[in-house]
Amino acid sequence: MTEFSLGTFNVKNLIGADQEYYRFEKYTAEEYAWKADWLADQLLAVNADIVAFQEIFEEAPLREVVAETDARGLALNEDVIPDPRARHARRAIFRKLAYKPYGQDGMFWAKNSFDGEPGSRRPGVAILSRFGFAETPQIIQDLADPLVIDFDRIGGGDAGSFTLDRLSRPILKARIPVGDKVITVLNCHLKSKLGEFPKPQGAAFAPEADLLDYDPLGRALGEARAAMRRMAEAAVLRDLVLQELEQDHPVFVMGDLNDSEHAVSSAIIAGERPFKNYAWMRRHDARTNRDRYSDEENTQIQESIDSVRLHSAEKMFVQQSLRDVVYTSAFGGVYESIDQILMSRHFVDGEHGALGKMDYLSVLNDHITDGTHPEAPYNKLASDHGQLVAHMRLF
């Protein structure tokens with residue numbers, strides 16, 4: 001039996017001191033030191049074997065955080081792990097307490113191809129693995145084959161199409177050896193809910209950005225553009241998932257999906273939920289009102305859908321523990337989970353071909369505030385996301 005853990009961690013704008021990442025936004029040396037210190041402590045608490053990071057502007061600061069985390073973890077080992085010659089050193093509790101350093105070889109950072117000049121920077125993503133990588137991780141952002149979504153007019157006729165040839169942030173695909181298996185981890189950070197407002201040629205800013213001349217319809221259309229982009233990015237991610245499942249590769253999707261589990265974009269990534277029975281449903285090629293799917297066809301349909309579904313770690317944890325609240329984000333009093341861990345049925349106990357199961361889901365969210373108090377602790381420097389850690393075991 002092999003035990004391992006996976007975590008997702010949006011660090012909130014990790015970049016070195018005195019560097020303008022967004023317009024007028026940067027950390028002083030003191031602020032950066034505070035943030036790096038907090039991140040090292042939080043990563044020590046996460047302590048997952050595989051960590052998917054989001055909002056990493058530069059590789060070096062993350063390596064510094066990992067090195068500091070290792071130093072603190074090894075110092076803790078000195079305090080809590082007994083001398084190996086002691087009889088009680090063999091007890092399992094001390095094996096659980098022992099911190100295993102990450103080192104520097106098991107980290108891979110994906111730079112954002114949109115990254116620009118100071119004030120117009122764009123963050124990338126990274127994966128940290130105690131197990132290393134089975135092969136060099138793959139960065140997916142600029143699409144050689146653009147995604148084209150065609151629309152029909154209601155009632156018939158061509159209504160145009162939406163084309164996505166570049167993701168707002170890279171997807172990082174890593175194949176990682178765990179025990180005697182190799183799993184695929186897809187780390188993503190989908191388009192946020194912040195509205196997209198086209199800036200007229202020659203203008204200093206988009207008209208919708210002027211809140212003194214508030215344009216409610218224009219702001220609504222901006223949200224619609226962001227939602228369309230996020231759902232198109234979800235479709236690209238879904239395609240990557242299916243490519244792995246077609247080869248029977250165990251898959252985890254982790255990251256900041258910028259939507260809750262029940263949102264349309266999340267449903268696109270995870271796949272359809274099957275009906276309990278399709279035998280009552282009229283066939284797609286029905287010639288009479290009695291033409292329905294047979295019991296045998298129902299079995300085929302169920303398997304076709306189930307075999308490519310992803311399952312929410314959060315939902316499985318809530319069902320197992322009778323817990324009713326998990327959240328990783330808060331804004332203006334609204335608490336929700338927009339950071340997710342999804343897994344293929346290889347890790348759902350009782351499912352066909354299961355290789356393992358999830359024992360527990362840790363949720364680190366005590367630092368989150370809802371943004372309504374400007375002076376609330378950590379509002380600027382700590383992450384504005386909670387961290388999820390799925391504790392897994394291979395059979």
- Message: Among residues at least two apart in sequence or on other chains, which ones pass side-chain contact (heavy atoms from CB on, under 4.5 Å) with L74?
- Response: N77, P101

- Quick one: list whatever passes side chain to side chain donor-acceptor pair (under 3.5 Å) with D142, sequence neighbours left out. S113, R166

- Item | Qualifying residues under side-chain contact (heavy atoms from CB on, under 4.5 Å), relative to E68, sequence neighbours excluded | A40, R72

- Non-neighbouring partners of R122 that pass side chain to side chain donor-acceptor pair (under 3.5 Å), sequence neighbours left out: none

- Item | Where at least one partner belongs to residues 203-220, residue pairs that pass salt bridge (Lys or Arg N to Asp or Glu O under 4.0 Å), sequence neighbours excluded | none

- Mind jotting down which residue pairs meet the salt bridge (Lys or Arg N to Asp or Glu O under 4.0 Å) criterion with at least one end in residues 143-159? Sequence neighbours excluded, please. none

- Task: Could you check N187, D256, N10 and say which one makes a side chain to side chain donor-acceptor pair (under 3.5 Å) with Q54?
- Result: N187

- Item | Residues which pass ring pair (Phe, Tyr, Trp, His ring centres under 6.0 Å) with F57, listed by chain and number, not counting sequence neighbours | Y21, Y22

- Message: For a quick check under 3.5 Å, do S329 and E336 share a side-chain donor-acceptor pair by atom type?
- Response: no

- Message: Applying side chain to side chain donor-acceptor pair (under 3.5 Å), can you list everything that pairs with D239, at least two apart in sequence or on another chain?
- Response: Q243

- Item | Residue pairs fulfilling ring pair (Phe, Tyr, Trp, His ring centres under 6.0 Å) with at least one residue in residues 216-273, sequence neighbours excluded | F252-F347

- Sorted by chain and number, sequence neighbours left out, side chain to side chain donor-acceptor pair (under 3.5 Å) with N112 holds for Q141

- Query: Is there a donor in the side chain of N47 and an acceptor in the side chain of R130, or the other way round, less than 3.5 Å apart?
  - Reply: yes

Scan the side chains in residues 228-236 for donor-acceptor partners under 3.5 Å anywhere in the protein, sequence neighbours excluded, and list what turns up.
residue : atom : partner : partner atom : Å
R229    : NE   : E196    : OE1          : 3.4
R229    : NE   : E196    : OE2          : 2.5
R229    : NH2  : E196    : OE1          : 3.2
R230    : NE   : D259    : OD2          : 2.8
R230    : NH1  : K191    : O            : 3.4
R230    : NH1  : S192    : O            : 3.1
E233    : OE1  : S168    : OG           : 3.3
E233    : OE1  : K191    : N            : 2.8
E233    : OE2  : S168    : N            : 2.7
E233    : OE2  : S168    : OG           : 2.7

- Message: I'd like to check the ring pair (Phe, Tyr, Trp, His ring centres under 6.0 Å) partners of F162; sequence neighbours left out, ordered by chain and number.
- Response: none

